[in-house]
Amino acid sequence: ILPIILNKMCGINMDSKIIEIKDKKEKEKIGRLILDDLTNWFGISESRQMYINESLDKIFLAVFIDDSPAGFLVIKETSKDCAEIFVMGVMKKYHGLGLGRKLSEAFEDLASNLSFTYAQVKTVRSGIYEDYDKTNEFYRAMGFKELECFPSLWDDNNPCQIYIKYLGNK
């Protein structure tokens with residue numbers, strides 16, 4: 001996907017851009033850089049490595065500011081009808097600038113163009129950790145709706161909240 005197409009779809013200014021990364025080494029480098037900065041959400045090194053490893057063969061979008069990676073989002077096909085935000089992160093110093101929103105919008109546009117009807121994302125249920133409360137607020141602000149909570153999918157301390165969003169029929 002050409003950066004100019006994604007940027008036009010998402011209204012990104014000239015100092016930042018979203019690019020689909022195809023090179024596995026570049027995916028690994030960006031994923032590690034961002035996830036290592038987000039230990040409040042990705043505090044277990046084995047989990048960070050799992051996300052990095054499993055992202056290598058998936059669609060990987062990265063947002064750059066002045067040619068430096070600032071965040072990324074990985075798309076996972078969960079069925080012929082549904083695309084998942086498998087993992088997403090924006091470096092802490094860029095929180096609140098709208099980059100997460102831009103990545104989410106790029107994800108939705110791309111998923112819709114790939115004929116997915118639904119989007120989903122998994123996170124820790126609200127009310128457990130303050131940082132994840134902010135994550136839940138973000139997804140709700142992006143139009144995601146609570147589908148179901150699986151209290152022990154991950155473990156008893158991290159109940160898995162699943163959100164969904166209707167993307168429309170293609």
Item to check | Residues Q161, S126; criterion side chain to side chain donor-acceptor pair (under 3.5 Å); working and verdict | outcome: CA-CA 8 Å; Q161 178 65 56; S126 290; over 6 Å; no
Next on the checklist: Would Q120 and K165 count as a side-chain contact (heavy atoms from CB on, under 4.5 Å) here? Give the steps.
Outcome noted: CA-CA 6 Å; Q120 75 166 332; K165 184 172 184 177; over 6 Å; no
Checklist entry - Does some side-chain heavy atom of L110 sit less than 4.5 Å from a side-chain heavy atom of I75? => result yes
Next on the checklist: Looking at every heavy atom in both A111 and L167, which two are closest together, and how far apart are they?
Outcome noted: CB-CD1, 3.8 Å
Next on the checklist: Are the side chains of T39 and R48 in contact, using a 4.5 Å heavy-atom criterion?
Outcome noted: yes
Checklist entry - Does K27 reach the main-chain N or O of L56 with its side chain, forming a donor-acceptor pair under 3.5 Å? => result yes
Item to check | K92 atom NZ, over 12 foreign heavy atoms within 6.0 Å | outcome: yes
Next on the checklist: I want to check a possible cation-pi pair here: K145 against Y163, using under 6.0 Å from ring centre and within 45° of the ring axis as the test.
Outcome noted: no
Item to check | Stepwise side-chain contact (heavy atoms from CB on, under 4.5 Å) test for N158 and C160 | outcome: CA-CA 6 Å; N158 296 292; C160 176; over 6 Å; no
Checklist entry - Are the side chains of F60 and E20 in touch, meaning some heavy atoms are under 4.5 Å apart? => result no
Next on the checklist: side-chain contact (heavy atoms from CB on, under 4.5 Å) for N157 and Y129? Distances and angles first, verdict last.
Outcome noted: CA-CA 10 Å; N157 296 318; Y129 306 107; 3.8 Å; yes
Item to check | Pair K17 + D67, salt bridge at N-O below 4.0 Å | outcome: yes
Next on the checklist: Surrounding CG of D155 (heavy atoms of other residues, nucleotides or ligands, distance under 6.0 Å), is the total greater than 12?
Outcome noted: yes
Checklist entry - Can you name the side-chain contact (heavy atoms from CB on, under 4.5 Å) partners of K134, sequence neighbours left out? => result E130, D131
Checklist entry - Could you walk me through whether F144 and F138 pass the ring-ring contact (aromatic ring centres under 6.0 Å, His included) check? => result CA-CA 9 Å; F144 282 84; F138 169 78; 8.3 Å; no
Next on the checklist: In the structure I gave you, are the side-chain heavy atoms of V63 and F72 within less than 4.5 Å of one another anywhere?
Outcome noted: no
Item to check | Worked verdict on E28 versus K24 for salt bridge (charged side-chain N to carboxylate O under 4.0 Å, His left out) | outcome: CA-CA 6 Å; E28 182 176 5; K24 289 183 180 186; over 6 Å; no
Next on the checklist: I'd like to know if the side chain of S79 reaches the main chain of C82, judged simply by a donor and an acceptor atom lying under 3.5 Å from each other, with no hydrogens or angles considered.
Outcome noted: yes
Item to check | Pairing residues for D66 by the side chain to side chain donor-acceptor pair (under 3.5 Å) criterion, not counting sequence neighbours | outcome: none
Next on the checklist: Apply side-chain contact (heavy atoms from CB on, under 4.5 Å) to residues Y139 and I164 and explain how you reach the verdict.
Outcome noted: CA-CA 9 Å; Y139 287 120; I164 58 168; over 6 Å; no
Checklist entry - Backbone N or O of G100 within a donor-acceptor pair of the S104 side chain at under 3.5 Å? => result no
Checklist entry - How close do V74 and K58 get, heavy atom to heavy atom, and via which atoms? => result CG1-CB, 3.5 Å
Checklist entry - Does the side chain of L99 come within less than 4.5 Å of I65's, by heavy atoms? => result yes
Item to check | Side-chain donor/acceptor of N136 to backbone N/O of Y132, under 3.5 Å | outcome: yes
